[in-house]
Number of protein chains: 2
Amino acid sequence: MNAAKQKQLSASMEDYLEVIYHLSGSGMVARSKDIAEGLGVSRASVTGALRVLSEKALINYKPYGVVTLTDRGRVEAYKIVRRHRVLESFFIDILGLDAVIAKESACRAEHALGQQVIGRLRDYIEFITAREDGDVALEFKQFYHKKQLPDA
Amino acid sequence: MNAAKQKQLSASMEDYLEVIYHLSGSGMVARSKDIAEGLGVSRASVTGALRVLSEKALINYKPYGVVTLTDRGRVEAYKIVRRHRVLESFFIDILGLDAVIAKESACRAEHALGQQVIGRLRDYIEFITAREDGDVALEFKQFYHKKQLPDA
DNA sequence: TTGCAAAGTTAGGTGTTGCTAACTATATTA
DNA sequence: TAATATAGTTAGCAACACCTAACTTTGCAA
């Protein structure tokens, strides 16, 4: 029951972990500078975050060293990425929102919604897109397009 | 262009404003103690928040005085309440989630989603519930209930 | 190989949001 | 109206998440 390990991550730390996941996923090693750019924070802030994530045993990190995810870190990061993906998919595929808005909104909402909501949302997307009896997403697109038109 | 007025509210301040809205809505005057209880924070924290909201001209407040919303405050508060309601309705009426989970999730997500997302979500709820051609919400309920059953 | 630019860290500071403890003001009620 | 309980405030502190400026380390190129 190591104290550093058990408390759940802040939204901020989730963001760091998510970026590290994406950077190390694409072949690259996660470099401090890229993390900073990815999140729009200073390099100094990244150093602080890396220390925290390292204390929580989510990343392997030593000053001036390379950053990699631990097994636990990868699991945690993937949970966040999955939440993000479900939300983004919902915003785009069900609500028909613009891709940029969808991504930004997913980034902010992914920290606020628990597994119960995300899981149900995933089911909902599956249900609507797999549904044989009429294309609900398309119908909705027509619905809100009509709504937005001027009355004339 | 008063500096205090233009910056947008933090999630915290939105929460305070929302509680004040609800308290003053139900006939009562918003009392510091009730705000504290409503948000689960100390009375001292409430005092600090009231000062901030007062500086932003969202509430009328003087030490030891009564708290009321200004016109601008009521408008801002109502925006937040509306976001909350749309989310809660979506979670309950579309996703079929438990009322408690729905309320908690709406409380957290209401600060993360902008008017574009909320507006589209409102349209979606309207579209699905008003739709003549089959009850999608009910079908989905059956869908995820079946999903959750053990395989045997 | 040395010498410089880029990357990373440290030190110190700010703003936000919360806390507790101790104080003051207000309201109740005996 | 005076005592006392309740409500509200102040002061002081802590955690978090960020910043800039100055420093150190690293790696590449001449």
Side-chain angles (χ1 to χ4, degrees), chain A residues 2-20 23-24 28-56 58-69 76-77 80 107-108 110-112, chain B residues 2-20 23-24 28-69 76 80 107-108 110-112:
Chain A
N2 188 320
K5 294 187 184 184
Q6 63 201 6
K7 231 183 28 180
Q8 65 178 355
L9 288 174
S10 67
S12 242
M13 289 305 134
E14 285 190 351
D15 281 333
Y16 283 103
L17 206 56
E18 197 178 2
V19 170
I20 293 167
L23 287 174
S24 46
M28 308 162 60
V29 169
R31 284 159 70 247
S32 198
K33 197 206 167 210
D34 298 320
I35 298 170
E37 272 167 18
L39 290 173
V41 300
S42 71
R43 293 188 325 262
S45 299
V46 174
T47 302
L50 294 181
R51 212 172 7 238
V52 172
L53 292 174
S54 170
E55 274 160 21
K56 291 183 192 291
L58 297 169
I59 61 171
N60 302 117
Y61 164 73
K62 281 187 180 178
Y64 299 100
V66 156
V67 175
T68 55
L69 290 165
E76 288 305 309
I80 300 156
C107 272
R108 278 179 285 114
E110 72 194 10
H111 309 296
Chain B
N2 188 318
K5 294 185 180 184
Q6 63 201 7
K7 230 180 33 179
Q8 65 179 356
L9 289 173
S10 67
S12 243
M13 289 304 135
E14 286 191 350
D15 281 333
Y16 283 103
L17 206 56
E18 197 178 4
V19 170
I20 293 167
L23 287 174
S24 45
M28 307 163 60
V29 168
R31 283 160 71 247
S32 198
K33 196 205 168 214
D34 297 319
I35 299 170
E37 272 167 19
L39 290 173
V41 300
S42 72
R43 293 190 322 269
S45 299
V46 174
T47 301
L50 294 181
R51 210 169 10 234
V52 172
L53 292 174
S54 170
E55 275 160 19
K56 291 182 193 292
L58 297 169
I59 60 171
N60 302 116
Y61 164 73
K62 281 187 180 176
Y64 299 103
V66 156
V67 175
T68 55
L69 290 165
E76 287 305 308
I80 301 155
C107 273
R108 279 178 284 114
E110 72 194 9
H111 309 295

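In what follows, every chain begins at residue 1, and chains take the letters A, B, ... in the order their sequences are listed. Because only heavy atoms are used, hydrogens play no part in the values below, and waters and symmetry mates are left out as well, while side chains stay in.
Listed nucleotides D:dC19, D:dG8, C:dG18 differ in distance to B:Ser45; the shortest reach to its side chain belongs to C:dG18. Across C:dA7, C:dG18, C:dT9, the shortest atom-to-atom separation from the side chain of A:Lys33 is found for C:dA7.
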Could you walk me through whether B:Glu55 and B:Arg51 pass salt bridge (Lys or Arg N to Asp or Glu O under 4.0 Å), step by step?
CA-CA 6 Å; B:Glu55 275 160 19; B:Arg51 210 169 10 234; 5.4 Å; no
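Using a 4.0 Å heavy-atom distance criterion, A:Gly40 is classed as a sugar-phosphate-only contact. Contact annotation for B:Ser32: backbone-only contact, meaning every heavy-atom pair under 4.0 Å involves sugar-phosphate atoms and none involves a base. Within the 4.0 angstrom heavy-atom criterion, only backbone atoms of the sugar-phosphate kind lie near A:Ser12; the bases stay farther away.
Both B:Thr47 and A:Ala44 sit near DNA chain D, but only B:Thr47 has its closest nucleotide nearer the 5' end. Comparing A:Val52 and A:Pro63 along DNA chain D, the residue whose closest nucleotide (by nearest heavy atom) sits nearer the 5' end is A:Val52.
Rounding to the nearest 0.5 Å places OG of A:Ser45 at 12.0 Å from CD1 of A:Ile35.
Rounded to an integer number of Å, the gap from CG of A:Leu17 to C1' of D:dA17 is 17 Å. Counting to the nearest Å, the C1' atom of D:dC16 and the CG atom of A:Leu39 are 16 Å from each other. Put simply, CE on A:Met13 is 7 Å from P on D:dC18, counting in whole angstrom units. Here C:dG8 presents its C1' atom at 11 Å from CD1 of A:Ile35, a figure rounded to the nearest Å. One interatomic measurement links the two molecules: CG of A:Leu53 to P of D:dA17, which rounds to 10 Å at whole-angstrom precision. Counting to the nearest Å, the P atom of D:dT10 and the CG atom of B:Leu50 are 11 Å from each other. Rounded to whole Å, atom P of D:dA15 lies 13 Å from atom CD of A:Glu55. As rounded to whole Å, 12 Å separates atom C1' of C:dA5 from atom CZ of A:Arg43.
The side chain of A:Ser10 contributes an N or O atom lying less than 4.0 Å from OP1 or OP2 of D:dA17. Look at B:Arg31 and you'll find a side-chain N or O under 4.0 angstrom from OP1 or OP2 of D:dA7. When the side-chain nitrogen and oxygen atoms of B:Arg51 are compared with OP1 and OP2 of D:dT10, one or more of them lie within a distance under 4.0 Å. Contact check, B:Tyr16 against C:dG18: a side-chain N or O comes under 4.0 Å of OP1 or OP2. Regarding contacts with the backbone of D:dC18, every side-chain N or O of A:Ser42 stays at 4.0 angstrom or more from both OP1 and OP2. Residue B:Tyr61 has a polar side-chain atom (N or O) positioned under 4.0 Å from OP1 or OP2 of D:dT9.
Side-chain contact between A:Lys56 and A:Leu9 is present, with heavy atoms from C-beta onward closer than 4.5 Å. In this structure the side chain of A:Val52 never reaches within 4.5 angstrom of the side chain of A:Tyr61, judged on heavy atoms. Counting heavy atoms from C-beta outward, B:Arg31 and B:Leu23 have side chains that stay 4.5 Å or more apart.
Here the closest heavy-atom approach between residue B:Leu69 and residue B:Asn60 is recorded as O-OD1, 3.8 Å.
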